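Take a look at the structure set out below.
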Number of protein chains: 2
Amino acid sequence: MNIGQAAEASGVSAKMIRYYESIALIPKTVRTESGYRVYSDSDVHTLRFIRRARDLGFSVEQISDLVSLWQDRERASKDVKRIAQEHVTVLQRKIVELQQMAETLNHLATTCHGDGRPDCPIIQELASNDAPHCSSAAGTKFGTLGKAPTRR
Amino acid sequence: MNIGQAAEASGVSAKMIRYYESIALIPKTVRTESGYRVYSDSDVHTLRFIRRARDLGFSVEQISDLVSLWQDRERASKDVKRIAQEHVTVLQRKIVELQQMAETLNHLATTCHGDGRPDCPIIQELASNDAPHCSSAAGTKFGTLGKAPTRR
DNA sequence: GTGATCCCTCCCACCATGGGAAGGTCAAGT
DNA sequence: ACTTGACCTTCCCATGGTGGGAGGGATCAC
């Protein structure tokens with residue numbers, strides 16, 4: 001199977017498959033004489049595993065751990081459980097942060113009359129001098145989970 | 001005021017101030033003879049405005065619009081309200097997605113006995129062949145809001 | 001005058017993904 | 001056999017915000 005078919009079958013784009021190979025998340029594949037990558041059903045299975053983990057918002061690093069555990073027959077389920085639970089914690093923290101943002105903004109939008117007049121509490125709040133420093137969100141490493149695959 | 005003081009006073013790092021200038025989110029500042037950037041209280045005010053908008057998860061592009069509206073005395077509050085409401089919608093969609101992820105994962109982690117045995121429903125689910133394609137999240141442009149500033 | 005602390009610009013890195021160019025390969029149809 | 005189009009390869013670039021650091025100049029406090 002060529003990379004295009006593997007991509008189709010697994011739901012991971014060809015570009016991403018090559019990328020995953022380059023960062024050693026998946027091993028280098030067999031190549032044809034002319035250099036085409038060749039994939040087996042088992043490779044597609046792995047790719048599908050990876051895609052599902054991405055759908056659940058795991059980072060590539062976490063996925064790497066999960067793949068190892070998956071392929072390790074001696075694994076302890078508590079290792080997997082730990083990764084999953086850590087991830088749930090991070091997700092929940094993100095959810096709270098986003099909810100706070102949405103609430104604040106929603107409140108502001110509600111009190112904004114939204115007509116042609118220039119007075120606008122949203123702008124006033126943003127421009128105010130007193131510091132609602134919003135410290136609850138500060139310092140949270142946000143980036144690692146921000147993206148979900150924009151598939152198809 | 002030098003860039004360091006402006007950074008301190010506004011809560012936006014010096015690096016970011018230069019970046020915002022480079023992408024024309026803020027205008028080019030006056031410079032001293034030796035090339036140092038000089039900031040006024042009003043500039044700091046603008047920076048603080050920007051930082052708050054970032055705290056609320058607005059993208060730089062949206063902030064650019066908000067800054068224009070802020071500085072436009074003729075602005076209509078409905079323009080501001082529209083931006084805010086669009087943003088709330090996006091936030092809410094993200095929240096739902098994250099909640100779905102967290103729920104799925106939490107369910108899996110709960111059913112995983114989490115001991116030394118290798119059997120693990122989390123891994124089984126990820127590896128299963130039937131396709132829980134999680135289509136609800138598909139196609140959602142996730143990236144634009146994934147990051148919140150990692151301040152201090 | 002000297003050392004510490006600023007500031008400048010420029011480049012690189014992150015993460016995961018897509019776009020595209022330039023060129024090689026393969027299979028199907030004429 | 002030849003063309004055509006679909007596929008594959010590698011390589012580079014861009015995204016969005018942010019940080020890190022090198023190499024060099026400016027300023028300030030003592």
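The shown structure was predicted, so the numbers you read here are calculated from the model rather than taken from an experiment. Letters A, B, ... are given to chains in the order of the sequence lines, protein chains preceding strands, and every chain is numbered from 1.
The separation between Ile63(B) atom CD1 and dG17(D) atom P is 8 Å, rounded to whole Å. Atom pair Asp55(B):CG and dG17(D):C1' shows a separation of 14 Å (rounding to whole Å applied). Between Met16(B) atom CE and dG20(D) atom P there is a gap of 11 Å when expressed in whole angstrom units. One interatomic measurement links the two molecules: CD1 of Ile23(B) to P of dA14(D), which rounds to 16 Å at whole-angstrom precision. Rounded to an integer number of Å, the gap from Ile17(A) CD1 to dT17(C) P is 12 Å. Rounding to whole angstrom units, CG of residue Leu47(B) and P of dT18(D) are separated by 12 Å.
Residues Tyr20(A) and Glu33(A) each lie close to DNA chain C; by heavy-atom proximity, the contact nearer the 5' end of the strand is made by Tyr20(A).
For Arg82(A), the side-chain hydrogen bond (donor to acceptor under 3.5 Å, both in side chains) partners at least two apart in sequence or on another chain are Glu86(A).
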If you look only at distance, which donor and acceptor atoms sit under 3.5 Å apart when one is on a side chain in residues 14-29 of chain A and the other is two or more places apart or in another chain?
from: Glu21(A); atom 1: OE1; to: Arg37(A); atom 2: NE; distance (Å): 3.0
from: Ser22(A); atom 1: OG; to: Tyr19(A); atom 2: O; distance (Å): 2.7

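Looking only at distances, a side-chain donor or acceptor of Thr110(B) sits under 3.5 Å from a matching main-chain atom of Asn106(B). Checked by atom type and distance alone, the side chain of Glu103(A) never pairs as donor or acceptor with a backbone atom of Gln100(A) at under 3.5 Å.
Side-chain N/O atoms of Asp43(A) and Thr46(A) include no donor and acceptor closer than 3.5 Å.
Residue Lys15(A) places a side-chain atom within donor-acceptor reach of the base of dG20(C), judged by atom type and a 3.5 Å distance cut-off alone.
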Protein-proximity profile, nucleotides 3-9 of chain D, B/S/- by nucleotide at the 4.0 Å heavy-atom cutoff, equals ----BSB

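Nearest heavy atom pair, residue Ala109(B) against residue Ala84(A), reads CB-CB, 4.4 Å.
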